[in-house]
Amino acid sequence: ALKEELPVRITDVRTTIAFGRSIFVQVYTDAGVVGLGECSPMNAPVLAHFVDTALRPIVGRSDTAAVITQWTAHVSETPMPSRSNRVRRP
């Protein structure tokens with residue numbers, strides 16, 4: 001018999017700034033799995049603050065599959081620059 005798996009829930013999200021500009025994001029789960037990601041190095045303190053104050057409340061206690069679905073939907077709705085609307089430099 002196959003065992004039904006319960007959803008894995010995110011329990012915490014933490015940021016670490018290394019070398020003054022590298023931002024690492026640790027995502028902790030109730031299954032004991034810790035994910036590690038890296039953010040853009042642009043303005044590290046501001047981006048780390050955003051992750052800690054804006055993203056942590058959104059994803060905290062969320063089912064990991066739901067977060068992936070939400071992120072995919074968000075990214076697909078974000079307008080991407082096309083060749084016709086890029087800023088051209090002389």
Side-chain angles (χ1 to χ4, degrees):
L2 294 175
K3 179 182 171 186
E4 183 179 333
E5 293 188 29
L6 297 174
V8 175
R9 301 234 176 251
I10 295 172
T11 58
D12 198 9
V13 177
R14 300 180 194 164
T15 57
T16 302
I17 299 175
F19 310 110
R21 70 176 273 144
S22 295
I23 307 163
F24 296 98
V25 179
Q26 302 90 40
V27 179
Y28 296 83
T29 70
D30 61 357
V33 177
V34 179
L36 180 64
E38 185 177 10
C39 293
S40 166
M42 295 172 30
N43 208 338
V46 171
L47 189 54
H49 179 75
F50 173 77
V51 170
D52 291 339
T53 60
L55 293 183
R56 180 185 290 150
I58 293 170
V59 300
R61 295 284 172 208
S62 295
D63 174 344
T64 54
V67 171
I68 293 168
T69 302
Q70 291 169 349
W71 178 256
T72 303
H74 171 74
V75 170
S76 67
E77 293 173 3
T78 303
M80 300 301 281
S82 67
R83 292 179 188 259
S84 62
N85 65 7
R86 288 186 186 155
V87 175
R88 300 196 189 275
R89 301 192 192 277

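FYI, side chains are in, hydrogens and waters are out, and symmetry mates aren't considered; it's all heavy atoms of this structure. The model shown is predicted, which means the values in this text are computed figures rather than measured ones.
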Undergrad: For F50, enumerate each residue passing the side-chain contact (heavy atoms from CB on, under 4.5 Å) test, keeping only those at least two apart in sequence or located in another chain.
TA: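 Partners of F50 by the side-chain contact (heavy atoms from CB on, under 4.5 Å) criterion, ordered by chain and then number, come out as L47, A54, L55.
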Undergrad: Not counting sequence neighbours, which residues clear side-chain hydrogen bond (donor to acceptor under 3.5 Å, both in side chains) with D52? List them please.
TA: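 Scan of D52 (side-chain hydrogen bond (donor to acceptor under 3.5 Å, both in side chains), adjacent residues dropped) gives T15, R56.
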Undergrad: Identify the two heavy atoms, one from T11 and one from D30, that lie closest to each other, and give their separation to 0.1 Å.
TA: CG2-N, 3.5 Å
Undergrad: Grouping I, L, V, M, F, W and Y whenever their side-chain heavy atoms are under 4.5 Å apart, do V8 and V13 come out in a common cluster?
TA: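 Different clusters.
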Undergrad: Just to verify, what does R21 make a salt bridge (Lys or Arg N to Asp or Glu O under 4.0 Å) with, not counting sequence neighbours?
TA: none
Undergrad: Which residue pairs pass the salt bridge (charged side-chain N to carboxylate O under 4.0 Å, His left out) test with at least one member in residues 38-51, sequence neighbours excluded?
TA: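 For residues 38-51: none.
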Undergrad: Which ILVMFWY residues can you reach from F19 by hopping between side chains whose heavy atoms are under 4.5 Å apart?
TA: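 Members besides F19: none; it forms no cluster.
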Undergrad: Identify, with sequence neighbours excluded, every residue that meets side-chain contact (heavy atoms from CB on, under 4.5 Å) alongside V34.
TA: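 Scan of V34 (side-chain contact (heavy atoms from CB on, under 4.5 Å), adjacent residues dropped) gives Q26, Y28.
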Undergrad: Kindly give the heavy-atom pair with the smallest separation between A44 and I23, and that separation in Å.
TA: CA-CD1, 3.3 Å
